[in-house]
Amino acid sequence: AGVHYVVPDFVNVGEAGGSLLPMAEQVCRAIAWVWRNAASFGGDPDRLYIGGQSSGAHLAAVALTTDWRALGVPADIVKGGLTTSGMYELAPVRLSARANYVKFTDAMVEALSPIRHLDRLRAPVIVSYGTYETPEFIRQAKEFAAAVDKAGKLHELIVAENYSHLELPETLCNPYGVLGAAVLEMIGLCA
């Protein structure tokens, strides 16, 4: 469809000493880099869209609610986002088995719970989940979508019938798939 697709790399939580903060910082720095350098590879810095699935959806939502001016770029560099099957409030995640390898702190939970920072959200968001997700993924997606809608930034809530956590992202690769079609519509390149 003529879109550049950039996949940033970032440290894993084990290599970061159990902190999620370095991951979020690296993703945000990568997005700022793409914005600054888009023209060098034929991209348009004024048409930057982001997305992710599972932990990537969490990081995308963190980026969508980032104060970009602190990174020396305009507050509205991101024009839209897709979050698929993510966690948007870390307080309950802190109580899960993830606490065995993530060293949650109050500061980390506050900083990296995107639902708490929707005042910084500048772009429309597609929130999606599959009906075969676990109850917590479904609950978090519904609550995030409702909060994003209340903030006036919900582009669409996609409830993908009969898709599991690992199946739904596969639809992004197809312009007629559940996510692929939604993203192309959002960015104005309908299939």
Side-chain angles (χ1 to χ4, degrees), residues 1-8 24 27-28 31 34-35 38 43-68 74-90 92-93 112-191:
V3 174
H4 293 278
Y5 187 77
V6 179
V7 181
V27 167
C28 290
I31 292 166
V34 170
W35 181 82
D44 183 349
D46 294 323
R47 297 189 71 200
L48 185 61
Y49 295 81
I50 65 173
Q53 188 265 343
S54 196
S55 61
H58 170 250
L59 292 171
V62 167
L64 285 161
T65 56
T66 289
D67 178 3
W68 289 102
D76 65 346
I77 69 166
V78 177
K79 303 306 181 201
L82 167 68
T83 63
T84 302
S85 309
M87 293 284 148
Y88 311 103
E89 169 57 67
L90 293 184
V93 180
L112 299 181
S113 291
I115 200 165
R116 300 182 187 192
H117 305 289
L118 294 177
D119 59 309
R120 297 190 297 231
L121 182 61
R122 302 281 178 263
V125 182
I126 299 169
V127 179
S128 60
Y129 68 91
T131 58
Y132 290 165
E133 302 270 2
T134 60
E136 182 63 6
F137 281 104
I138 292 171
R139 184 190 72 75
Q140 289 235 7
K142 286 179 177 179
E143 288 186 9
F144 188 62
V148 170
D149 189 36
K150 186 176 179 182
K153 295 297 183 183
L154 185 65
H155 182 80
E156 182 178 6
L157 170 61
I158 296 174
V159 180
E161 295 292 330
N162 305 315
Y163 280 94
S164 72
H165 192 74
L166 298 177
E167 294 169 331
L168 185 54
E170 292 177 358
T171 71
L172 183 62
C173 303
N174 182 335
Y176 304 103
V178 174
L179 299 180
V183 167
L184 289 174
E185 183 274 327
M186 174 187 253
I187 63 178
L189 298 172
C190 294

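All values below were derived from every heavy atom in this structure, side-chain atoms included, with hydrogens, water molecules and symmetry-related copies excluded. As the structure is a computational prediction, the values presented were derived from the model and not from experiment.
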With rounding to the nearest 0.5 angstrom, report the [atom1] to [atom2] distance, [X] to [Y].
X	Y	atom1	atom2	result
Y88	L64	OH	CG	10.0 Å
S113	H58	OG	NE2	6.0 Å
L168	S54	CG	OG	11.0 Å
L59	Q53	CG	CD	12.0 Å
L184	Y176	CG	OH	9.5 Å
Q140	S85	CD	OG	11.5 Å

Whether the side chain of [X] engages the backbone of [Y] through a donor-acceptor N/O pair (distance < 3.5 Å, no angle test) should be reported.
X	Y	result
T83	A57	no
R47	I187	yes
T66	V62	yes

Of the non-hydrogen atoms in [X] and [Y], which two are nearest, and what is the gap between them?
X	Y	answer
I50	A60	CD1-O, 3.6 Å
V148	L118	N-CD1, 3.9 Å
H155	I126	CD2-CG1, 3.7 Å
I115	E89	CG2-OE1, 3.6 Å
L112	L90	O-CD1, 3.4 Å
V93	M87	CG2-SD, 3.6 Å

Report yes if the side chains of [X] and [Y] come closer than 4.5 Å at any heavy-atom pair, otherwise no.
X	Y	result
L157	Y129	yes
Y132	L166	no
E156	M186	no
V183	Y49	no

Q: Kindly assign one of parallel, tilted or perpendicular to the pair H165 and F137, based on the angle between their ring planes and the thresholds 30° and 60°.
A: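 Because their plane-to-plane angle lies in the 30° to 60° range, the rings of H165 and F137 count as tilted.
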Q.
Quick test of your reading: applying side chain to side chain donor-acceptor pair (under 3.5 Å), list the pairs with at least one residue in residues 141-152, sequence neighbours left out, ordered by first then second residue.
A.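 Residue pairs with at least one partner in residues 141-152: R139-E143.
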